[in-house]
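Everything below concerns the one structure shown next.
Computed over heavy atoms, backbone and side chain alike; hydrogens, waters and symmetry mates excluded. Reminder, nothing fancy here: chain letters follow the sequence lines and each chain counts from 1.
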There are 2 protein chains.
Amino acid sequence: MDILSRMEELILLSVWKLQEEAYGLQIRTHLSELLNHELSVGAVYVPLKRLKKRGYLASWDSEPTDERGGRSKRFFKLTEKGVGALQQVHNVQQSAWSGLPDLGLGWKPVHS
Amino acid sequence: MDILSRMEELILLSVWKLQEEAYGLQIRTHLSELLNHELSVGAVYVPLKRLKKRGYLASWDSEPTDERGGRSKRFFKLTEKGVGALQQVHNVQQSAWSGLPDLGLGWKPVHS
DNA sequence: GTATTTGTTTTAAAATTTAGAACAAATACG
DNA sequence: CGTATTTGTTCTAAATTTTAAAACAAATAC
């Protein structure tokens, strides 16, 4: 559709928000809380790989830490292309959610 | 994912915005302009049918009009469940797009 | 060395998206 | 009438995305 899917958008935003802590399991936790719904591991790792392959994300592998089970992590950060894709999806959302007539169904979106 | 897909969201919003003119081809035109990208016919009709089956949309068939080719149209409107689903996706978006740190990449989302 | 924890990869099924052919029914007009 | 054109919906198969969960890997704990 020439626009990020919802999951892709949420993952890119998660990487943005988590900054120096943006790696697979952390992203999964963050999004599970956001969605109030436990995501499977694959639900995060599969799109992460795709987003990287398409140039929306860059990644590098860390050294292991000395915590229990502290393996090497694969960290991600947004590329310029990734920011551009978020920009685009944000524009579409703004358009799509503006100018909605009153339906009398008890709710209207509020853009803080 | 327990949340509307992007296409589902856009179609529900289109039905909302188009009001008394919410039928397949019109929705297609509206979304094609919004996305700046010509959607195929199936890209609209397939999800429309699914959204109806799931109770997000109600529909009824009009009488033909006396315009050239003016066949009976299938009009749609949001159900309460449909409004609720939009409400939910709106909440998730608001959360996901708020509290983003400055990346110094030349852009930050503005919520009008 | 065996258990436990943190982390990534893989895989296959399910669901969604997409393009476009097919079909349907209306008016136009010779 | 018959054929063309327009508006509209249905169908369908391929491509893509999502999802769950098993497998694998590597670290510390004891």
OP1 or OP2 of [N] under 4.0 Å from side-chain N/O of [X]:
{"X": "B:S5", "N": "C:dT17", "value": "yes"}
{"X": "B:R74", "N": "D:dT10", "value": "yes"}
{"X": "A:S40", "N": "D:dA20", "value": "yes"}
{"X": "B:R54", "N": "C:dT16", "value": "yes"}
{"X": "A:R50", "N": "D:dT18", "value": "yes"}

Original post:
Among side-chain atoms of A:W97 and B:E9, is any donor-acceptor pair under 3.5 angstrom?
Top reply: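 Indeed, the side chains of A:W97 and B:E9 share at least one donor-acceptor pair under 3.5 Å.
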
**OP:** Could you tell me whether the side chains of B:K73 and B:S62 share a donor-acceptor contact shorter than 3.5 Å?
**Re:**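 Short answer, no.
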
Figure out the [atom1]/[atom2] separation between [X] and [N], and round it to whole Å.
{"X": "A:E8", "N": "C:dT17", "atom1": "CD", "atom2": "P", "value": "12 Å"}
{"X": "B:E38", "N": "C:dT17", "atom1": "CD", "atom2": "P", "value": "18 Å"}
{"X": "B:Y23", "N": "D:dT7", "atom1": "OH", "atom2": "C1'", "value": "8 Å"}
{"X": "A:E63", "N": "D:dA26", "atom1": "CD", "atom2": "C1'", "value": "13 Å"}
{"X": "A:L18", "N": "C:dG7", "atom1": "CG", "atom2": "P", "value": "13 Å"}
{"X": "A:R6", "N": "D:dT17", "atom1": "CZ", "atom2": "P", "value": "15 Å"}
{"X": "B:K52", "N": "D:dT10", "atom1": "NZ", "atom2": "P", "value": "10 Å"}
{"X": "B:L31", "N": "C:dT17", "atom1": "CG", "atom2": "P", "value": "12 Å"}

Subject >> Watson-Crick or G-U counterpart of D:dA29, or none if no pair lies under 3.5 Å >> reply: C:dT2

**OP:** Identify the nucleotide, in any strand shown, that forms a Watson-Crick or G-U wobble pair with D:dT18, with both distances under 3.5 Å; if there is none, say none.
**Re:**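 The answer is C:dA13, by the H-bond criterion.
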
Original post:
So does A:R68 reach the base of C:dT4 with its side chain, donor to acceptor, closer than 3.5 Å?
Top reply: yes

Original post:
5'-most contact on DNA chain C: A:V46 or A:R71, nearest heavy atom basis?
Top reply: A:R71

Original post:
Can A:E38 and A:R28 be counted as an ion pair, charged N to O under 4.0 angstrom?
Top reply: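 The answer is yes: the pair qualifies as a salt bridge.
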
Subject >> Residues A:R54 and A:E8 bridged, charged N to O under 4.0 Å >> reply: yes

**OP:** Kindly say whether B:P109 contributes a backbone atom to a donor-acceptor pair with the side chain of A:Q87 at under 3.5 angstrom?
**Re:**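 No.
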
**OP:** Just call it for B:G42: base, sugar-phosphate, or nothing, with non-hydrogen atoms closer than 4.0 Å on any strand.
**Re:** base

Subject >> Residue mapping more 5' on DNA chain D - nearest nucleotide basis, A:M7 or A:G69 >> reply: A:M7

**OP:** Please tell me which of A:H37 and A:E67 maps to the more 5' nucleotide of DNA chain D, matching each residue to the nucleotide holding its nearest heavy atom.
**Re:**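 Nearer the 5' end of the strand: A:H37.
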
